[in-house]
Each structure stands twice: as structure tokens, then as C-alpha cells.
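To start, the structure under review is shown below, and the notes come after it.
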2 protein chains.
Amino acid sequence: MARRPGRDYGPGPRRPWRPPAADADTLMESRTRPRLPPTEAPPSRIERLCIERGLKMTGQRRLIARVLSEAEDHPDVEDVYRRALALDSKVSIATVYRTVRLLEENGILEKRDFGGGRARYDLADRGHHHHLIDVDSGRVIEFADKEFDALAQRLAQRLGFDLVGQRLELFGRKPTEAPRTTPRRRAGGDT
Amino acid sequence: MARRPGRDYGPGPRRPWRPPAADADTLMESRTRPRLPPTEAPPSRIERLCIERGLKMTGQRRLIARVLSEAEDHPDVEDVYRRALALDSKVSIATVYRTVRLLEENGILEKRDFGGGRARYDLADRGHHHHLIDVDSGRVIEFADKEFDALAQRLAQRLGFDLVGQRLELFGRKPTEAPRTTPRRRAGGDT
DNA sequence: GTACCTGCAAATGTTTTGCGAGCAT
DNA sequence: ATGCTCGCAAAACATTTGCAGGTAC
């Protein structure tokens, strides 16, 4: 990695620009919507949950809550940050981190780790589900399966434990598709 | 570090998830080896694998290979580093990182992520298995299950994918025992 | 008014890397 | 020989935090 001697611990450039395919999800939330001043928009789903829990609602939190409520994928903090910026005012990434953590601590978000070093977030009330990650595109597909849940229960039992949580991720590849294109890193094409 | 949306840097993205290698062999190596001086000790299991693959064997690599071969848990880099230091000479943690990555790239180790921010490593030829984590003690129990493997296969198929990898982790708690809130986090109580 | 928020920059913790020196093949 | 390795320190990054000024309630 390039490294300039004499360069002090400067402003850390963050992540490289995402490949174009990342826009698949940007699309869904950039849909035309009247640009209302933040205060006039109807409360997002997450905002309602926050109020229920007595969290102080500031402009930034409302904004982040909106972005997360509208996301249908599993955005990382950077994604949330970018979408928030695009949507409206200026937020600091530190605030995004803080808010996302707050929401997680309040059971509103769930933190996921699909590898790749960044945490990704998911609305908690979407219900119990698992993920299949397309290793070629990075796309994430959600699914649920009763049979698996029962099996997990049984497995834990067999080992002498009560099941209190589980994590199942499948990694797959589309069979007939051209297999050889550049294996895309964990880019954004997530659903 | 402050972040600015304006700039980007080169090769940021890490390697995409690498499907875990499956293997048949399941015999767990027991640590019943005589403690000989490092240079005279018989080649560890990992060392043999390295030689097979034509990797250059240095003193440090032999040492790290030995530590990993003898480990029956899922050590993180720090653990490997400490054990290597205790066992013999001075290694740099950078070398541990480099070696562990080399071994992973050569299919000898598998990288695991049980949360907690540190990667943990596991001999690849221990065979295909999953983990149950005792949430009270942090202990990790390995298990394998044919029925699950078949189910995973079927689930992927149903979603239109070929299964190339999977990750299953169960989190459990001992039922009858007093649910004592033992300090869990990385205390080393790992199996 | 007061306790909590925010933005900024600096700090953290983990992992990677440039560099010159050293070692395996 | 010579190309791969090593140790060291610094870089790279994702994430957290201290602080001073603002804001929700």
C-alpha cells in the first residue's frame, strides 16, 4: 500500500468507491419523494419505536431512522452515512455509529457480520431469518425455515444445552451463470 | 480519525469470503508428544502440510506450525503469539499474522469469526464441523451433523444456488446448572 | 435549565505493509 | 547468489471517545 514517509497520521481516507453494482440498493431508496423539510415528514417506523422507548429524537436521529427504515438490504455504517448525506443534511459518521449502536442496544436493530470487516445492520422486527450470500455478487438473500429451526433446537439439546441463539449463513453460487467473472469483493449488491 | 466523504484510497476492500474447505478426516489429534528441543522435534502436522505444499520452512514458521498443531481450541492471533513466545524464541506478531494468513491461503487453517473483533483459527483438516458456543462460559464445542448438511444443501438448492460454503453457530446455555454469570468474553475457556 | 446530542479530531484495537537485514534453498 | 522472510514501526481501517458547544424535553 502506498506509503508516504513523513506523512503524519493524517485524515484517514476511508473506503474505496464502490463498484457500480452497489447502486442496486441505492435505487430503492432514491425513489422520488417530495423533499420535505425533515420536521414535516411522517415519522418513520424506527422513529416510532424510538419514541416508544423514550429516546430523545433529534434531527440526525430522525434522519438515520428514516434511512434505516427504508433500507431493504443490510447496510453497513458507511452505507447509512452516505444515504443520510444524500437524503438531507450533514451528519457526522460518529453520530451514525453512535445512533446505530443506540438502536442496537434498544433492540431495534440487529448487528450482522458477514465477514469483510464491517458490521452490517438489519431491522430487528423483520423476524427470525437466515442469510444466503451469493459469493460471486455479494448479494444477500434472506430466508427462514422451520425445519432448520427445529433441527437447531434438537442439536443443542443433544449436546446438553438450551438453545438461546443461532447463526446460519449459506454461501452459494448461481449454477448455470458464467462462473468465472471477477469474484466481487463484498461490494454493495446486497438485498 | 475524521472522515471526509471526498476522498478515497486504493485497494481497501478485503478478500471476499472464502468458502470453508470441507474434508473427510475427523480424527482429533491428541497432544501426547514428547517435548523435544525445537530443532530436534519431529515435524508437526502443519509443518508436514507446509512441506507438501512447497512452503519455505523457517524457524518461526516451524514454531507457529507447532503451536497451531498442538492447539485443540480456536486461538486468535494473540494466543498463537503468546504460546509461541512461551514455547521458544522471539517471534514478531507481524510474522504470526503473516504466517497464519499464509496457512489460511493454503487451505491449512480456517479463519473463524465468533464475534469479539478477533479472528480465530482452526485446523482445516479437522473436518467439516460447526460450533456451539456456551454463552455463559465462552466455551466452544464442535459438532458435525449429516442431517444439517443435507438440509443446508436443500435450502440452497431451493433458492436457486449451489452451496459452496456454510456457517452454523449455535449459542446455548446449560439448563440445570445455576445460570451463573461467569465472566465470559475471551478468557480462553475455549474448546 | 439540564442532561443528553453532535461534530470534530484524536484515540483505539486489530491487521497489514514498507524497509533494510537475514536466511532458506 | 537471490528471492523469500523477519522484525520493527508505521499505516490502514473500522470503530470509539474526549471535549466544547448545541438541542430536546
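Chain naming here is simple, since letters A, B, ... match the order of the sequence lines and numbering starts at 1 in each.
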Whole-Å gap separating P (D:dC6) and CE (B:M57): 9 Å
Residues A:D162 and B:R173 bridged, charged N to O under 4.0 Å: no
Sequence-distant partners of B:Y97, side chain to side chain contact (heavy atoms under 4.5 Å, CB included), two or more places apart: B:V77, B:I93
Non-neighbouring partners of B:R158 that pass side chain to side chain donor-acceptor pair (under 3.5 Å), sequence neighbours left out: A:D145
Euclidean distance, atom CD of residue A:E78 to atom P of D:dT15 [Å, nearest integer]: 10 Å
Short side-chain N/O contact from A:Y97 to OP1 or OP2 of D:dT15, under 4.0 Å: yes
Rounded interatomic separation in angstrom, taking CD1 from B:I51 and P from C:dT25: 9 Å
Just distance, no hydrogens or angles: give the donor-acceptor pairs under 3.5 Å from side chains in residues 41-54 of chain A, sequence neighbours left out.
residue: A:S44; atom: OG; partner: A:E47; partner atom: N; Å: 3.2
residue: A:S44; atom: OG; partner: A:S69; partner atom: OG; Å: 3.4
residue: A:R45; atom: NE; partner: A:D125; partner atom: OD2; Å: 3.2
residue: A:R45; atom: NH2; partner: A:D125; partner atom: OD2; Å: 3.2
residue: A:E47; atom: OE2; partner: A:R62; partner atom: NH1; Å: 3.1
residue: A:R48; atom: NH1; partner: A:P43; partner atom: O; Å: 3.2
residue: A:R53; atom: NH1; partner: A:N106; partner atom: O; Å: 2.5

Interatomic distance where CZ belongs to A:R101 and C1' belongs to C:dT12 [whole Å]: 13 Å
For B:A152, side chain to side chain contact (heavy atoms under 4.5 Å, CB included) partners two or more places apart: A:L170, B:F148, B:L163, B:Q166
Show me the protein contacts with nucleotides 2-7 of chain C, counting only N or O atoms at under 3.5 Å.
residue: C:dC4; atom: O4'; partner: A:K56; partner atom: NZ; Å: 3.3
residue: C:dC5; atom: OP1; partner: A:R61; partner atom: NH1; Å: 3.2
residue: C:dC5; atom: OP1; partner: A:R61; partner atom: NH2; Å: 3.2
residue: C:dC5; atom: O5'; partner: A:R61; partner atom: NH2; Å: 2.8
residue: C:dT6; atom: OP1; partner: A:T58; partner atom: OG1; Å: 2.6
residue: C:dT6; atom: O3'; partner: A:Q60; partner atom: NE2; Å: 2.8
residue: C:dG7; atom: OP1; partner: A:Q60; partner atom: NE2; Å: 3.1
residue: C:dG7; atom: OP1; partner: A:K90; partner atom: O; Å: 3.2
residue: C:dG7; atom: OP2; partner: A:S92; partner atom: N; Å: 3.1
residue: C:dG7; atom: OP2; partner: A:T95; partner atom: OG1; Å: 2.3
residue: C:dG7; atom: N7; partner: A:R98; partner atom: NH2; Å: 2.8
residue: C:dG7; atom: O6; partner: A:R98; partner atom: NH2; Å: 3.1

For A:Q153, side chain to side chain donor-acceptor pair (under 3.5 Å) partners two or more places apart: none
